[in-house]
Structures are given as structure tokens and as C-alpha cells.
Amino acid sequence: GEDVEQSLFLSVREGDSSVINCTYTDSSSTYLYWYKQEPGAGLQLLTYIFSNMDMKQDQRLTVLLNKKDKHLSLRIADTQTGDSAIYFCAEGSSNTGKLIFGQGTTLQVKP
Amino acid sequence: ETGVTQTPRHLVMGMTNKKSLKCEQHLGHNAMYWYKQSAKKPLELMFVYNFKEQTENNSVPSRFSPECPNSSHLFLHLHTLQPEDSALYLCASSQDRGFHNEQFFGPGTRLTVL
């Protein structure tokens, strides 16, 4: 079935780069998404990538997609304390139209 | 108001109470969703509405009853809940159910069942 896996926790120092990884199983996924959830808030869409792309850059964010290995990553350059949050990877299933979410990666940024 | 709003933000209820969660979207979208977010579990899709019609019910117990009177409003009626139903309930909306399913989320209702 459809499944999305993420590591649960990542800790970095302010100013370093953060890389959050995600693997998915549905090879028919057309779009893949990264969402951010700050404490006490809902999910905020950060960026997305179409499945025929390898990379997408948006300011400090870089998304890399390895479709062969079904591996997605989100790189945050110059990580700031305000980036501390839970980051969710999600795949959009073209079979069902649903979004399948990973369990989220908690990013801790130390000053 | 802009985006997706949810009320109340926090709710404490007993197992015999009846309460309702409300979601409103100001984005002109046609699809709306209810998700349950529990600690240490992936986000669980509960219900999907598209153009006011329910298109998905992910085996949700009948003590949760959704209602979508129009494309802008979505309710979740709660009745005879269990303590394990305590969670953050998130509402989301998207333009439609197309394959680019960019969903916009509300802030959630933190529900505690005593």
C-alpha cells in the first residue's frame, strides 16, 4: 500500500544546513509536498515538486527528488531558530487523489 | 478572515457530551477535509467532501459525523467520544480533488475527552 517514511528528529546549530529525508512507496505519485507545522498551529505548505523534476529551489529551500529510489529531501540553508518545527513530507496519489503524509520530522535548531 | 479558520481552538468534553467542530474556508475552494493528528502517529485522513458531497470516509467510527452544508463550511459533530479520541483535529481545503492536491490547513481544534 501507500506509505511515507521520515526520520523523527533532527538537531542542527543555527546557521548550519538542515536536510530532512523522506521515502515513499507509490510510484504513481505525481506531486510531492513539504509542509511545516509550528507549535499550536496547522500545517503550512512550504513547497512542492512535480514528479518529473529532480530539483526545485525556493530561496533557502532546496527539494531533491530521486524518483528511482523514491527518495525526497528538503534542504534548509542557513537554518534559523524560527525554522524549529515539525516538517511533513506528503505524496499525492494519482490513483486516489489523496495526500499520504509521513509521521513528521521534528527539527530542533540550537542557538 | 482569510484562509481556513477553525472553531473552537480548544475543546474539553465528557464522554456523554455532544459537541461540534466548525471549519470555514475563505479561499473559494471546492474540496474540504477532516484529519486527525494524534501524538506519534501520521496524520489520519477522516473525511473528504468535494462540491458538498462526501467522497471519502476512512472507516471512521459513527461517533464522528461530518456535515458540509456548502463548499465553504464543514462541521464535525461529536457524540459519545472515547478518551482515545483526544487529538488535534485539522480541517483543510483544496481547489478540487485533482492530482495537484495543494491543501491549505486550518490551525486545528485541540480536543480532550475526559
Side-chain angles (χ1 to χ4, degrees), chain A residues 1-9 20 22-53 56 58 63 65 67 72 85-106, chain B residues 2-10 21 23-25 27 29-51 53-59 74 87-111:
Chain A
E2 301 155 334
D3 196 17
V4 178
E5 297 281 341
Q6 298 177 240
S7 53
L8 295 181
F9 187 78
I20 302 171
C22 169
T23 57
Y24 61 97
T25 56
D26 185 358
S27 58
S28 68
S29 293
T30 47
Y31 282 91
L32 294 130
Y33 302 83
W34 284 104
Y35 282 84
K36 175 184 181 183
Q37 186 178 31
E38 296 181 354
L43 276 67
Q44 172 197 355
L45 180 66
L46 282 180
T47 187
Y48 62 87
I49 188 168
F50 188 46
S51 59
N52 69 350
M53 298 169 65
K56 181 179 180 181
D58 184 1
V63 179
L65 175 60
K67 198 172 180 183
L72 183 73
I86 303 174
Y87 290 81
F88 291 90
C89 165
E91 61 170 343
S93 170
S94 59
N95 292 332
T96 64
K98 293 194 300 187
L99 286 186
I100 307 299
F101 286 87
Q103 64 268 55
T105 299
T106 298
Chain B
T2 58
V4 181
T5 58
Q6 290 186 242
T7 54
R9 294 293 310 275
H10 300 271
L21 310 186
C23 175
E24 184 173 1
Q25 57 95 0
L27 300 168
H29 289 165
N30 297 310
M32 296 187 78
Y33 310 78
W34 278 118
Y35 287 90
K36 177 183 178 183
Q37 186 177 29
S38 306
K40 300 178 182 176
K41 290 177 74 174
L43 217 59
E44 299 171 64
L45 179 64
M46 299 174 72
F47 301 104
V48 182
Y49 278 82
N50 199 29
F51 292 93
E53 298 297 320
Q54 187 180 127
T55 58
E56 188 141 351
N57 175 339
N58 261 0
S59 304
L74 185 65
L88 182 67
Y89 288 86
L90 292 164
C91 173
S93 71
S94 64
Q95 184 59 48
D96 52 36
R97 292 299 315 280
F99 65 85
H100 180 28
N101 196 357
E102 184 176 343
Q103 295 182 21
F104 294 78
F105 283 78
T109 295
R110 174 68 63 185
L111 174 67

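Reckoned from all heavy atoms, side chains included, excluding hydrogens, waters and symmetry mates. By convention in this document, chain letters (A, B, ...) are assigned in the order of the sequence lines, proteins followed by strands, and residues within each chain are numbered from 1. Please read all numbers here as calculations on a predicted model, not as lab measurements.
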Audit row: B:L43, A:L99, side-chain contact (heavy atoms from CB on, under 4.5 Å) steps and yes/no
CA-CA 10 Å; B:L43 217 59; A:L99 286 186; over 6 Å; no
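Heavy atoms of B:R9 lying under 4.5 Å from chain A belong exclusively to its side chain. For B:N50, no part lies near chain A; criterion is any non-hydrogen pair under 4.5 Å. Using a 4.5 Å cut-off between heavy atoms, A:Q6 makes no contact with chain B at all.
Listed by chain and number, the residues in a salt bridge (charged side-chain N to carboxylate O under 4.0 Å, His left out) with B:K41 are B:E44 (sequence neighbours excluded). Under the rule for a side chain to side chain contact (heavy atoms under 4.5 Å, CB included), the partners of A:L45 that lie at least two apart in sequence or sit in another chain are A:Y33, A:Y35, A:Y48, B:E102.
Side-chain contact between A:F88 and B:Q37 is present, with at least one heavy-atom pair separated by less than 4.5 Å.
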